[in-house]
Amino acid sequence: MNGKRNRNRKPLKDLNLMDDFLFDAATEDLEACKIILELSLGIRIREIRWKENQKVIHNLPDKRGIRLDFYVVDDQGKIYDVEMQKRNRGNIPKRTRFYQAVVDAPFLKSGEQSFDRLGRTYIVVICGFDLYGLGKYRYTFENRCIEALELSIGDECTKVILNTKGTNDDEVDQALIDFLHYVEKSTPDNVPEECDERLKRLQQIIDEIKTSEKVEVGLMTMEERDRQIKEEGRQEGREEGRQMGQQEGRQLTLIGLVCRKLKRQKSPEVIAAELEEDPETIRQICDVAEAFKPDYDEQAILSAILENG
């Protein structure tokens, strides 16, 4: 079994930045984060700080929090959240809306009147697919007035959706194109000789990660942990299913007994007394069974009871 799992496992050397594990490992390096930001946005950043890999930000109690791939602030106070999305699950637009709200929340204290502490924020999602189907490598969004598109609302929030499958090569910098192609296939032969020096440096960082025994062990440990979690989930599911099956079996048996007595035109009160069951339970069965007389399909009655909750 272990040998089969190892054969199915994608080796560290074959992972790409599009894969969660390699992206997580790479963005533990602050320099790599800086390069990814600069190439994604076409900017230069002097310094970034307060980086927490896969940072978890909690929302209100009992409400959903978020787990960020990497989340940094530059020397001018601008906030950057970068996410990697390999597959299209159809939730990116509203997901960025939620991320923006929850990322902002920790900067404001309860009862604070001013919103001045909210800095300029960039939410960047690197996608292995074209979310909007227009062939753009980069889709940049800001809140603007529909009646006057040149008028920005001024909330200082920018959302950027990147597409590794872009085709508008003549409209964007070659540095972005090379970077997104490298994200999809993170190998030395996918780094053009005449590319941006920052991409070459990123490849060096990735190469160091892929040849690290420590990182390899981390990958194996993560996969084993995930396997155990899945196995435990399957076992819990089987046990839950078994218990549900037993419970439904008991219900079906009781329904059968009730139906036989209903065919003899006995009242719910008499049936409950004869079966020594809770009168309310028997009455509920009788009420549902009323719609299935005179044949009293026991399985259909059970289904109706379960559907009604």
Side-chain angles (χ1 to χ4, degrees), residues 1-40 48-58 64-72 80-89 91-92 95 99 123-129 162-165 178-191 195 198-237:
M1 181 64 73
N2 289 336
K4 182 178 180 180
R5 286 201 305 271
N6 290 337
R7 287 195 298 272
N8 292 335
R9 179 173 68 86
K10 193 174 182 180
L12 177 60
K13 65 180 180 63
D14 292 340
L15 293 181
N16 302 305
L17 271 174
M18 188 61 67
D19 295 303
D20 285 341
F21 183 85
L22 185 58
F23 188 68
D24 291 350
T27 53
E28 288 180 358
D29 186 303
L30 199 58
E31 182 184 5
C33 291
K34 183 171 179 288
I35 292 172
I36 290 170
L37 278 174
E38 290 185 339
L39 294 178
S40 294
I48 56 175
R49 57 182 172 79
W50 190 37
K51 196 277 309 176
E52 294 183 31
N53 188 49
Q54 293 284 15
K55 181 180 177 63
V56 176
I57 297 181
H58 296 286
R64 178 171 177 172
I66 56 177
R67 183 173 180 264
L68 306 178
D69 282 351
F70 81 80
Y71 175 44
V72 298
Y80 305 88
D81 166 38
V82 180
E83 305 294 322
M84 188 67 73
Q85 194 72 31
K86 190 172 186 177
R87 297 178 181 84
N88 187 2
R89 295 184 172 89
N91 60 6
I92 289 178
R95 189 172 169 187
Y99 275 30
I123 306 289
V124 182
V125 184
I126 305 174
C127 300
F129 50 89
L162 298 179
N163 165 32
T164 61
K165 303 291 196 302
D178 293 340
F179 166 65
L180 290 175
H181 289 171
Y182 179 75
V183 164
E184 198 159 63
K185 184 182 178 184
S186 307
T187 59
D189 59 2
N190 205 31
V191 178
C195 73
R198 292 169 293 182
L199 182 59
K200 293 180 180 179
R201 175 55 187 149
L202 182 60
Q203 163 55 33
Q204 291 176 355
I205 295 172
I206 297 302
D207 187 58
E208 291 170 4
I209 292 171
K210 289 186 174 183
T211 56
S212 168
E213 293 184 5
K214 181 179 179 180
V215 177
E216 177 72 30
V217 170
L219 175 60
M220 296 173 64
T221 301
M222 182 200 72
E223 290 175 337
E224 179 61 21
R225 183 183 68 247
D226 289 347
R227 185 195 65 79
Q228 290 177 353
I229 291 173
K230 290 179 181 178
E231 181 60 29
E232 289 172 1
R234 284 194 292 268
Q235 290 176 355
E236 290 177 0

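Scope of the values below: all heavy atoms of this structure, side chains included, with no hydrogens, waters or symmetry mates. Numbers here are sequence positions counted from 1.
Note: Asp14 CG to Lys185 NZ = 11.0 Å, rounded to the nearest 0.5 Å. Taking CD of Glu216 as the reference point, atom NZ of Lys210 lies at 11.5 Å (rounded to 0.5 Å). From Lys34, atom NZ reaches atom CZ of Arg49 across 15.0 Å, with rounding to the nearest 0.5 Å. Between atom CD of residue Glu31 and atom CG of residue Leu202 there is a gap of 9.0 Å, rounded to the nearest 0.5 Å. Note that CZ of Arg201 and CD1 of Ile35 are 6.5 Å apart. Values are rounded to the nearest 0.5 Å. Distance check, rounded to the nearest 0.5 Å: NZ of Lys13 to CD1 of Ile206 gives 15.5 Å.
Side-chain atoms of Asp29 come within 3.5 Å of backbone N or O of Ala32 as a donor-acceptor pair. Judged by distance alone, the side chain of Asp81 and the main-chain N or O of Tyr71 form no donor-acceptor pair under 3.5 Å. No donor-acceptor distance shorter than 3.5 angstrom exists from the side chain of Asp24 to the backbone of Phe21, with no hydrogens or angles considered.
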Practice problem: Report the C-alpha separation of Val125 and Tyr99 in whole Å, then their side-chain angles, then the decisive distance to 0.1 Å, and conclude whether the side chain to side chain contact (heavy atoms under 4.5 Å, CB included) test is met. | Solution: CA-CA 11 Å; Val125 184; Tyr99 275 30; over 6 Å; no
Quiz item: Going through the checks in order, is the side chain to side chain contact (heavy atoms under 4.5 Å, CB included) test met by Val82 and Thr27?
Solution: CA-CA 10 Å; Val82 180; Thr27 53; over 6 Å; no
Self-check item: Intermediate values then yes/no, side chain to side chain contact (heavy atoms under 4.5 Å, CB included), Cys127 and Asn88
Solution: CA-CA 8 Å; Cys127 300; Asn88 187 2; over 6 Å; no
Practice problem: Begin from the C-alpha positions of Phe23 and Leu15 and carry the test side chain to side chain contact (heavy atoms under 4.5 Å, CB included) through to its verdict. | Solution: CA-CA 9 Å; Phe23 188 68; Leu15 293 181; over 6 Å; no
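The side-chain contact (heavy atoms from CB on, under 4.5 Å) test with Tyr80 is passed by exactly one of Ile123, Val124, Leu37: Leu37.
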